[in-house]
Each structure stands twice: as structure tokens, then as C-alpha cells.
Amino acid sequence: MKLPRIAQALAVLAPLVIVGPVGASAETQTVTTSYGMALIGLLIGKASFATVIDDNRFSVNGNLSSAGLGALVSETSGTSHVAGRIRPDGFAAERYGLDYTSNDKRWKSEVRFRGGRVTNADVSPKRSNNEKPSYIPVEKSQLASVVDPLSGLMIKTSDRSSVCRRTLPLFDGWSRLDLKLAPAGSNSYSMPGFSGEAKVCSVRIQPVSGYDKSSKGLKFLQNQTIELWFAPIARKDVFVPVYAKIPTTIGPLTLQAMSVAVK
């Protein structure tokens, strides 16, 4: 998976997690969300995710597929999952996985974590032993404190002003990149199951390793600013993405939460 594909996975997968209340005596909860993805205003994909909260454990399982114009142009489908523990300061993934197919090409990743450190990463296709000189390999030292692209965007804080004041060190099994968030105001957001204020972040992608420096797609992304909205859907101290706008060479790619339901 090249780094630009991480951005694609981010647009399709990463912002798709909603979290319900957690407590020592809380019953198991399942939160189901639906999302739509559009390119220059035309529907190209859809996704649904189920998040389960059980005491101090959490898991997320999602499915996505091409739809609308996207189904006519490219057959795309995928699943993602993450599971781990809920800590006072946030969500600590123990395992993360992605299985993504587009135009008969398949990418699969399984990553294990312990205390924020990557302990194992199994990916397909694997990197070649004869990479271009412009390829920047992932160093072990760069995986000592990272988050996955799913639970990494679940921000736990009681200070709303701090939501966009952070850098998220993402690793998906292939590539390491930093998402540098900065405050960009706030907006109201409404959908079936939620209505309230969303914090707006401007986001820049900073590649770290696991990418080709000569990639035109990467160079384009580095010069762009992503817009990402976070909202406290089910808990006042947990902010999750509900809207994303990512520039592409043919127009803006948007991801929008359409509904949320808690059982």
C-alpha cells in the first residue's frame, strides 16, 4: 500500500468510529453508524460500522463498498477491525486489520500493538527487497509510539479546545505518517441520532516512512489541507470524526456520517 492509499483508507475507514458510554457496571453496547462518500458531490461509496463497548474493552468492525457512480467506475469493497482496551486517557488498540480490494487488487494488513508499540505487522502484498532508491523504509524506532487509523482518531479529552491541538502518529502496517491537526473553528452538525457542535480541524499529512519520495500522489497530498470535523456523539469527553473533506486531483472527496444508533 503506497502512502496515498493510506489517505484513501483514511477517508473511507478511519473516521468511522462512534463510541457509547463506558463504566464499570455498564451493559454491553453496540453503536451502529452509516456513512456516505462522495467525489465532487457524486456518491461513490458507502460504509457501515458496529462498535461494541463491554466494560473496559472495545471493538469495531466495519464494511465498505463502492456505490452510485463509484460502482460503475470501480468495484471496491473492504473490511476493517480494531480491538483493545479503554484507558482513562483514551483507547489502546491491541490489534488492527484492514482487508481492501479494488479493481481485482487486494491489500491486507494485520498489526499487533502493546502499549502503543507495534509488536508485529503482517501485510500483503509485502514490500519488495529491490525497492527504488527513493523508497523510505520503516524503521523499528518509528513504531515505538503509534496509533492505528481507526481508534487513533477517537480523541478522549474533557477540554474541547484541545481536540485539534495534537499530532496523530498513524501506522497501518505499510506506512508511517503523522496527521498534524490545528484548530479551524466549529460548526453545527446534525443527523439522525445526533445534533450538536463539531470541532473543525485543518489537517496536514506528514509522511514519515514506508513511502516513495518520487510519488506524484504523495507530493500532491503533502501540499493539501484536509478538513476534519470531530463531534462528541455519545460521550461528552470522546470526540470522533463525523465529516472529512480531502482534496484530490479531480475534486474534493468527502466522507459524511449519515446516522447513528445505539443499542
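Residues Leu170 and Val147 form a side-chain contact, since some pair of their non-hydrogen atoms from C-beta on lies under 4.5 Å apart. By the 4.5 Å heavy-atom criterion applied to side chains, Ile40 and Pro252 are counted as neighbours. Two residues are said to be in side-chain contact when any heavy atoms from C-beta on lie closer than 4.5 Å; Pro207 and Gln222 meet this criterion. Between Leu143 and Val138, some side-chain heavy-atom pair lies under the 4.5 Å cut-off. Phe220 is listed as a side-chain neighbour of Thr249, based on a closest heavy-atom distance under 4.5 Å. You'll find the side chain of Glu131 stays beyond 4.5 Å of the side chain of Pro137, heavy atoms only. Taking 4.5 Å as the limit, every side-chain heavy atom of Gln256 sits out of range of all side-chain heavy atoms of Lys245. Considering only heavy atoms from C-beta on, Ile155 stays 4.5 Å or farther from Val240 through its side chain.
For the residue pair Ser215 and Asp212, no side-chain donor N or O sits within less than 3.5 Å of a side-chain acceptor on the partner. Side chains of Ser158 and Asp237: no donor on one and acceptor on the other come within 3.5 Å. Looking only at atom types and distance, the side chain of Ser48 has no donor-acceptor partner in the side chain of Ser34 under 3.5 Å away. In the model, Asp159 has a side-chain atom that pairs as donor or acceptor with a side-chain atom of Ser161 under 3.5 Å. Looking only at atom types and distance, the side chain of Thr101 has no donor-acceptor partner in the side chain of Ser77 under 3.5 Å away.
One finds the CE atom of Met154 at 9.0 Å from the CG atom of Asp148 (value rounded to the nearest 0.5 Å). Distance check: Tyr96 OH to Arg112 CZ gives 14.0 Å after rounding to the nearest 0.5 Å. Here the straight-line distance linking atom CZ of Arg165 with atom OG of Ser162 works out to 8.5 Å at 0.5 Å rounding. Atom CD of Gln206 is separated from atom CZ of Arg176 by 10.0 Å, given to the nearest 0.5 angstrom. In this structure, the separation between CG on Leu42 and CE on Met37 is 12.5 Å, given to the nearest 0.5 Å. Note that the CG atom of Leu39 and the OG1 atom of Thr254 stand 8.0 Å from one another [nearest 0.5 Å].
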Verdict with supporting geometry, Ile205 and Leu179, side chain to side chain contact (heavy atoms under 4.5 Å, CB included): CA-CA 5 Å; Ile205 293 179; Leu179 291 185; 3.8 Å; yes
Test side chain to side chain contact (heavy atoms under 4.5 Å, CB included) applied to Leu181 and Thr167, step by step: CA-CA 6 Å; Leu181 280 59; Thr167 294; over 6 Å; no
From CA spacing to verdict: salt bridge (charged side-chain N to carboxylate O under 4.0 Å, His left out), Arg106, Asp104: CA-CA 6 Å; Arg106 185 181 183 187; Asp104 297 324; over 6 Å; no
Verdict with reasoning, Asp89 to Lys156, per salt bridge (charged side-chain N to carboxylate O under 4.0 Å, His left out): CA-CA 6 Å; Asp89 61 341; Lys156 192 173 187 298; over 6 Å; no
Worked check of side chain to side chain contact (heavy atoms under 4.5 Å, CB included) between Val260 and Met191: CA-CA 8 Å; Val260 57; Met191 63 177 170; 3.7 Å; yes
Stepwise side chain to side chain contact (heavy atoms under 4.5 Å, CB included) test for Ser80 and Leu150: CA-CA 9 Å; Ser80 62; Leu150 274 173; 3.7 Å; yes
Verdict with reasoning, Asp122 to Lys126, per salt bridge (charged side-chain N to carboxylate O under 4.0 Å, His left out): CA-CA 8 Å; Asp122 186 15; Lys126 298 181 182 297; 3.1 Å; yes
Side-chain donor-acceptor pairs under 3.5 Å in residues 195-203, sequence neighbours left out?
from, atom 1, to, atom 2, distance (Å)
Glu197, OE1, Arg160, NH2, 2.8
Ser202, OG, Ala182, O, 3.4

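The shortest non-hydrogen separation linking Leu168 to Leu153 is CD1-CG, 4.1 Å. The minimum heavy-atom distance between Trp174 and Ser109, with the atom names listed, is CZ3-CB, 3.2 Å. Considering all non-hydrogen atoms of both residues, Ser102 and Tyr100 come closest at CB-CE2, 4.1 Å. Nearest approach of Pro241 to Phe230, heavy atoms of both residues: CG-CE2, 3.5 Å. Of all heavy-atom pairs spanning Val82 and Ala93, the tightest one is CG2-CB, 3.8 Å. Closest approach of Thr225 and Arg204 over heavy atoms only: OG1-CD, 3.2 Å.
If you chain together hydrophobic residues whose side chains sit under 4.5 Å apart, Leu228 and Met258 never meet in one group. Two different hydrophobic clusters hold Val52 and Phe49 under the rule that ILVMFWY side chains link at heavy-atom gaps under 4.5 Å. Follow the hydrophobic side-chain contacts under 4.5 Å out from Tyr135 and you never reach Leu177; the two are in separate clusters. One hydrophobic cluster holds both Trp107 and Val123 under the rule that ILVMFWY side chains link at heavy-atom gaps under 4.5 Å.
For Arg57, the side chain to side chain contact (heavy atoms under 4.5 Å, CB included) test picks out Arg85, Glu94, with sequence neighbours left out.
In this structure, Tyr189 contributes its side chain and Val242 its backbone to a donor-acceptor pair below 3.5 Å.
Enclosure of atom CZ in Arg166 by more than 12 non-hydrogen atoms of other residues, nucleotides or ligands within 6.0 angstrom is indicated.
Ring geometry, Phe91 versus Phe58: the interplanar angle exceeds 60°, so the pair is classed perpendicular (tilted spans 30 to 60°). Tyr243 and Trp229 have tilted rings, their planes meeting at an angle from 30° to 60° on a 0 to 90° scale.
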